[in-house]
2 protein chains.
Amino acid sequence: MITKQTDTLFKHFEDYIKLSDALKTALTERLVFKTFKKGELVHDANKVCTKSYFIQKGLMRVYFLKDGKEISEYFPAEGEWSNSPRSFRTRQVDIYYIDAIEQVDAFCLGVTDLMYLFENFPEMERYARLSMGTVFGHFMERITSMRFTTAKEKYDHFISTYHDIYHRIPLGMIASYLGITQETLSRIRAEK
Amino acid sequence: MITKQTDTLFKHFEDYIKLSDALKTALTERLVFKTFKKGELVHDANKVCTKSYFIQKGLMRVYFLKDGKEISEYFPAEGEWSNSPRSFRTRQVDIYYIDAIEQVDAFCLGVTDLMYLFENFPEMERYARLSMGTVFGHFMERITSMRFTTAKEKYDHFISTYHDIYHRIPLGMIASYLGITQETLSRIRAEK
DNA sequence: ATAATTTTTTGATATAGGTCAAAAGCTGTG
DNA sequence: CACAGCTTTTGACCTATATCAAAAAATTAT
């Protein structure tokens with residue numbers, strides 16, 4: 001019998017809470033291993049997001065459409081959860097699509113299963129609260145950085161927060177994430 | 001004996017969880033009523049933020065300094081908690097100051113008391129997770145809006161999200177919140 | 001009230017970065 | 001390999017918004 005490679009995931013949980021064997025089992029039973037090909041759609045904005053993916057390997061992109069153009073919202077990577085946050089939370093459709101920038105290995109957890117875990121393992125509530133706090137902090141920092149006036153400053157901040165993965169993301173996607181044109185970003189990269 | 005006016009606060013909690021009498025009592029015992037005069041400093045960036053304020057009446061401003069200028073981060077108002085998020089969470093200093101835009105009535109809850117509540121009332125964990133989700137949603141929407149190209153679009157989005165209180169916030173503070181100059185904002189308001 | 005201070009508006013000018021267009025560089029497929 | 005379809009770069013030009021400066025309006029203090 002093949003054991004699921006849940007090490008990374010458990011390690012992630014243990015950054016926030018102590019994992020009991022019972023919770024480990026309950027999690028393992030509910031996680032479904034899933035892979036996505038490069039470019040494959042992970043979540044469609046026209047549907048309610050009922051699944052959250054914990055990325056083991058690879059890189060995704062959360063984006064939305066504005067005037068027909070794809071605007072990157074953020075890039076979930078190894079060791080992070082990926083979903084359409086509000087849709088997953090409120091069970092309503094939202095504007096975000098998710099696709100795979102690279103081939104992805106992930107564990108899938110459905111809302112219903114997650115709810116079961118919240119009901120039966122109070123420490124899951126704590127995990128969610130604490131891990132959400134971390135993400136919240138990143139978002140705040142990002143808002144702060146988006147007000148840095150020049151495009152160069154925005155790009156520099158992007159590089160520093162995404163230093164491990166920025167070279168794996170196409171230029172055009174980074175430009176829309178920063179709210180600048182790809183021409184401008186290309187010029188910023190050229191000088192220096 | 002004077003009863004604390006905890007109605008608004010309890011109502012806020014009950015948007016997310018059912019409040020037991022025991023939790024109500026535990027909360028009431030730990031909340032300290034506090035007022036701030038207009039312009040008074042609520043939190044100093046040079047200190048660790050150990051208190052969270054639930055605003056009953058009035059308006060605050062969370063801001064930081066960039067090149068000696070005050071940049072508004074957001075404006076906590078009636079029915080919301082106000083603190084320096086990362087400092088409160090990590091017990092380290094952070095860049096944010098908080099002051100009162102108007103005279104404020106608030107309930108103060110210290111970190112230690114909050115920790116006690118998390119330890120003894122699992123439903124508090126759930127409350128925190130869920131209410132944080134709401135705030136998280138607002139932040140995401142804001143990041144999306146910050147990429148709207150024109151200053152006018154940013155301002156329109158601000159008006160729609162802060163429609164109840166935008167007229168109570170001085171123009172200069174709104175401008176720095178949006179990342180535009182106050183001259184530009186003044187001109188936007190003038191036309192139309 | 002009157003003065004003092006702060007906030008907002010108005011004007012003139014400069015520039016970062018947008019738009020449009022086209023060339024160059026990559027990547028994958030039969 | 002060669003072609004098709006992307007992605008990135010380069011160039012020319014233009015516009016929204018920043019800057020700087022000063023007047024006007026509003027708020028606060030004496």
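Every heavy atom of this structure was used, including side-chain atoms; hydrogens, water molecules and symmetry mates were not. Chain naming here is simple, since letters A, B, ... match the order of the sequence lines and numbering starts at 1 in each.
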d(CD1, Ile174(B); C1', dT7(C)) in whole Å
13 Å
For Glu153(B), which residues count as a salt bridge (charged side-chain N to carboxylate O under 4.0 Å, His left out) partner, sequence neighbours excluded?
Lys66(A)
For the residue pair Phe75(A) and Tyr166(A), is the inter-centroid distance of their aromatic rings smaller than 6.0 Å?
no
Residue set satisfying salt bridge (charged side-chain N to carboxylate O under 4.0 Å, His left out) with Glu141(A), at least two apart, ordered chain then number -> Arg86(B)
What pairs with Arg91(B) under salt bridge (charged side-chain N to carboxylate O under 4.0 Å, His left out), at least two apart in sequence or on another chain?
none
Figure out the CD/P separation between Glu191(A) and dT9(D), and round it to whole Å.
12 Å
Starting from C1' on dG17(C), measure out to CZ on Phe148(A) and report it in whole angstrom.
19 Å
Produce the list of close N/O pairs, under 3.5 Å, pairing protein atoms with atoms of nucleotides 9-11 of chain C; give distances to one decimal.
from    : atom 1 : to        : atom 2 : distance (Å)
dT9(C)  : OP2    : Ser186(B) : OG     : 2.8
dT9(C)  : O5'    : Ser186(B) : OG     : 3.0
dG11(C) : N7     : Arg187(B) : NH1    : 2.9
dG11(C) : O6     : Arg187(B) : NH2    : 3.2

To the nearest angstrom, the CD-P distance between Glu153(B) and dG18(C) comes to 14 Å
Between atom NE2 in His167(A) and atom C1' in dC26(C), what is the gap in whole Å?
18 Å
Per nearest nucleotide of DNA chain D, the residue lying toward the 5' end, Ile169(A) or Thr149(A), is Ile169(A)
With a 3.5 Å cut-off and no angle check, do the side chains of Thr144(A) and Glu73(B) form a donor-acceptor pair?
yes
Nucleotide N/O to protein N/O under 3.5 Å, stretch nucleotides 24-29 of chain D:
from    : atom 1 : to       : atom 2 : distance (Å)
dT28(D) : OP1    : Lys38(B) : NZ     : 3.2

Separation of dT8(D) P from Ile188(A) CD1 (nearest whole Å):
14 Å
Quick one, His43(A) and Tyr97(A) - any side-chain contact, counting heavy atoms below 4.5 Å?
no
Give Gly39(B) one of three labels, base, sugar-phosphate or nothing, depending on what nucleic acid heavy atoms sit under 4.0 Å from its own.
nothing
How close or far is atom C1' of dT6(C) from atom NZ of Lys69(B), stated in whole angstroms?
16 Å
Could you state the atom-to-atom distance from CD of Glu102(A) to C1' of dT27(C) in whole Å?
16 Å
Can you tell me if Lys24(B) has over 12 outside heavy atoms packed within less than 6.0 Å of its NZ?
yes
Who passes ring pair (Phe, Tyr, Trp, His ring centres under 6.0 Å) against Tyr127(B), sequence neighbours left out?
His12(B), Phe13(B), Tyr16(B)
Give a yes or no on whether Lys51(B) atom NZ has more than 12 heavy-atom contacts from other residues, nucleotides or ligands under 6.0 Å away.
no
Would you say dG18(C) has OP1 or OP2 under 4.0 Å from some side-chain N or O of Thr181(A)?
yes
